[in-house]
Protein chains: 2
Amino acid sequence: MTAKRPYHHGNLKPVLLRAAIRLIAEVGPAAFTMREVARRAGISHNAPYRHLQDKDALLAAVATEGFERLAKALSKPIMETHTAASATEARGVAEERPALRRFKASGLAYVRFALRSPEHLLVMFDWPLPLNRYPDLEAAAARAFSILVGLVQEAQREGSLPEGDAIVLARIAWSLVHGVAKLAIGKRLALESEAELMNSTTRALDILYVGMARWR
Amino acid sequence: MTAKRPYHHGNLKPVLLRAAIRLIAEVGPAAFTMREVARRAGISHNAPYRHLQDKDALLAAVATEGFERLAKALSKPIMETHTAASATEARGVAEERPALRRFKASGLAYVRFALRSPEHLLVMFDWPLPLNRYPDLEAAAARAFSILVGLVQEAQREGSLPEGDAIVLARIAWSLVHGVAKLAIGKRLALESEAELMNSTTRALDILYVGMARWR
DNA sequence: ACCTGAACACCGTTCAAGT
DNA sequence: ACCTGAACACCGTTCAAGT
C-alpha cells in the first residue's frame, strides 16, 4: 500500500479520458475534480497538466470523443424491433422507404446513445466550454450534425420528406430527440424502462415525420 | 471601503436567491460558489448556512423559483406576431381554434422563458439535484408540467388534437420545446436572432401539431 | 521526457465566540 | 437571533527538484 508508485510512461491521455468518463458517470460533472481523476489513473495530482492544458481541456476531449461516438451511432442506424413497430408498418402501409427508415432510426440511435452515455451528452451540451477555443470539438460536433442533415437529404431525394432546406428539418428533428434524451436522462419523463422510452420516441418520430410530410 | 459591515437583518433568503441567479448567469453553475454569493450579498461567507442547509439547497430554491416562473409563463400564453405568422393562418385557413392557439403559444413561451432565464433552466434540468429530497421543487416541476397537460386536454375537447392520453402528447411537445430551448441556449442552432428562433420554433410546433392531428 | 512534493489562493462546511 | 473569524479538509494550478 505504501509501495512506491512507478512512473507512468506512455500515453497518459487515453488513460485520463477513461478515468474522467468513469468519474463523471459516478459523481456528475459538478463534483468532478482533476485530482480525483489523477488518483484513479494512479498518478500524481498534477501529472495531467503535462498532457492537457487544464480541466476544461480534459472535458473538451471528453466532449469531442462523445461527438465522434454519436456520429458513429447515427450513421449505423440498424433497424430494431421498436422501429418495426412503427405505426405505418403496423397498419401494413408499405410507405416507409429505406431513407426514411434510416432517418427515424438515427433518431432512436440518438436517444439510445444518450441513455448509454449520459455523461458524454452532459459534457457535450451542458458544460460551458468556449467552443471556438476547441476546434477539434467544434469540428466533431459539426460532423455529427452533418450526418443528420445527410439523412434528411436522402429522405428528400427518395420523396419521403418534402423539398426545402434540409438543415431546417434536421434542426427540428435534432431538437426533438435532444429534448427526449435530456428529459429521459434527468428522469423527467416518468417512463419505466428503456423499451418504453424507445416506443415513445418512435411515436414522437412518427408524428414528426407525418407533420413534416404534410406541413406546408 | 474598510467600513465595518453592519449586520444584515431580516430575510436573507430572497437576497441570496437574487445574488445566486445573477452569479450563475455570469459564471455558470460550475464556477458558482457559495462564498461568492455571500460576497455579493454583502455578508460573511458562512451566513447563508443560517438560512439554507447547503449549496444544493440554494440551487434547489433557484430551481423551484424557475419552475414557478415557467408555470406562470406557460399559463399566460398571449398570442404574438410570431404565432400570428403561423402557416395555417398565413393561408387564411380558419382552423386554428383558441385552445390550439394557446397550446402552441405555450410552446413559444417555453422557449422564450429559456432564452430569458437560461440560468434557471440550467439549474432546473441539468443540476443533479436529488428531486426526492426537495419536495417543493418536485411539486413546482409537477405543476408546470400539469399546465401543459391541461392545454393538451383543452385542445382535445375542442377537437384540435386527437383523443388519447394527453400526457403522452404533452411529453412529446415538451421534449420538442425543451430540445429547442437547450440547443438554442447552447448556441447549437446557428440562428441569428431571437425572432429567427421564434419563427423556427413556430414552424416546429406547426409540424408537430399537423403530425399529432393526422397520426394514427 | 515525464513525474513528484511543496506551495498558493481558493472552496464548502463547521463551530466557538461575539453583538 | 443572527452574524463573524478561525479552522479543516479539500480544489485547480504552478514550479523547482528529482529519475
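So that the names make sense, note that chain A is the first sequence line, chain B the second, and so on, each numbered from 1.
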**Study point:** Euclidean distance, atom CD of residue A:Q53 to atom C1' of D:dT14 [Å, nearest integer]
**Key:** 13 Å

Point to revise | Phosphate contact (D:dC10 OP1 or OP2) by A:R39 side-chain N/O below 4.0 Å | key: no

Practice item. Kindly say whether the aromatic ring centers of A:F67 and A:F125 come within a distance under 6.0 Å. Key: yes

Practice item. Indicate whether OP1 or OP2 belonging to D:dC3 is found under 4.0 Å from a side-chain N or O atom of B:H51. Key: yes

Exercise for review: Whole angstrom is fine here: how far is it from CG in A:L58 over to P in D:dC11?
Suggested key: 15 Å

Check your understanding: Which nucleotide in the list C:dG12, D:dT4, D:dC11 gets nearest to the side chain of A:R35?
Key -> D:dC11

Exercise for review: Give a yes or no on whether B:E26 atom CD has more than 12 heavy-atom contacts from other residues, nucleotides or ligands under 6.0 Å away.
Suggested key: yes

Point to revise | Integer-rounded Å distance: C:dC2 C1' and A:I43 CD1 | key: 11 Å

**Study point:** Base-pair map of DNA chain C as dot-bracket, where | denotes pairing with a different strand and pairs are Watson-Crick or G-U under 3.5 Å
**Key:** ||.|||||...|||||.||

Check your understanding: Which nucleotide in the set C:dC3, C:dC11, C:dT14 lies at the smallest distance from any side-chain heavy atom of B:Y49?
Key -> C:dT14

Revision key, fill the gap. Quick note, A:K55 side chain, CB onward, closest among D:dC3, C:dT13, D:dT13 is D:dT13

**Study point:** Heavy-atom donor-acceptor pair, A:R50 side-chain to C:dT4 base, under 3.5 Å
**Key:** no

Practice item. Confirm from the modelled atom types if B:H45 and D:dT4 form a donor-acceptor pair under 3.5 Å, side chain to base only. Key: no

Practice item. Measure from CG on A:D56 to C1' on D:dT13 and round the result to the nearest Å. Key: 13 Å

Exercise for review: Answer with yes or no whether the side chains of A:W174 and A:Y110 bring together a donor and an acceptor at under 3.5 Å.
Suggested key: yes

Exercise for review: Kindly check if the number of other-residue, nucleotide or ligand heavy atoms within 6.0 Å of CZ (B:R18) is above 12?
Suggested key: yes

Review point. Looking at D:dT4, C:dC3, D:dG12, which one has an atom nearest to any side-chain atom of A:L12?
Key: C:dC3

Check your understanding: Which nucleotide, C:dG12, D:dC3, C:dC3, lies nearest any side-chain atom of B:M34?
Key -> C:dG12

Review point. Can a salt bridge be assigned to the pair A:E154 and A:R157 using a cut-off of 4.0 Å between side-chain N and carboxylate O?
Key: no

Review point. Looking at side-chain heavy atoms only, is the closest gap between B:M124 and B:V62 below 4.5 Å?
Key: no

Exercise for review: Just jot down the side chain to side chain contact (heavy atoms under 4.5 Å, CB included) partners of B:A19, sequence neighbours excluded, or say none.
Suggested key: B:R22, B:V37, B:R40

